Amino acid sequence: MHFAAALVFLSFSLYAQQPYDLLITGARVVDGAGNPYFYADIAIQNDSIVAMGRLSSQSASLKIDARSPTVTPGFIDIHNHSYPDIYEEPTARGFLS
């Protein structure tokens, strides 16, 4: 039983030590919920935010120093006039860019 628990713990700790795809450090984060902005580091893995907080000591394939810009979550514009429309372009690229 102890060996199995140690194996599970080791696998999680090895996974946690893997570098992120992207690490955005020192970002002024606006979360879109009406809260005041806050400063945080943001870790991206496989196109998803996987961690936020003090992560600047972590490794990543690419690091971006965001001390000046503001980082916001992705926005989808539900009122736009982009073409092709959603039926012709199901990935909604025009709505996301």
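Because the structure is predicted, anything quoted here is derived from the model rather than measured.
- Cluster membership check: Phe38 shares its hydrophobic cluster with Val71, using side-chain heavy-atom separations under 4.5 Å among Ile, Leu, Val, Met, Phe, Trp and Tyr.
- Not counting sequence neighbours, the partners of Ala43 by the side chain to side chain contact (heavy atoms under 4.5 Å, CB included) test are Tyr20, Leu23, Val50, Ala51, Leu55.
- The number of heavy-atom neighbours closer than 6.0 Å to CG of Asp47, taken from other residues, nucleotides and ligands shown, is 12 or below.
- Residues Val29 and Ile64 are members of one and the same hydrophobic cluster, defined by side-chain heavy-atom contacts under 4.5 angstrom among Ile, Leu, Val, Met, Phe, Trp and Tyr.
- A donor-acceptor pair is defined here as one N or O able to donate and one able to accept, closer than 3.5 Å; such a pair exists between the side chain of Asp65 and the backbone of Arg67.
- Cluster membership check: Ile42 does not share its hydrophobic cluster with Val30, using side-chain heavy-atom separations under 4.5 Å among Ile, Leu, Val, Met, Phe, Trp and Tyr.
- Between Lys63 and Gln58, the shortest heavy-atom distance links the atoms NZ-O, 2.9 Å.
- When all heavy atoms are compared, the tightest approach of Ala66 to Ile24 is CB-CG2, 3.6 Å.
- To the nearest 0.5 Å, atoms CD1 (Ile49) and CD1 (Ile44) are separated by 4.5 Å.
- Interatomic distance, Gln45 CD to Leu22 CG, rounded to the nearest 0.5 Å: 10.0 Å.
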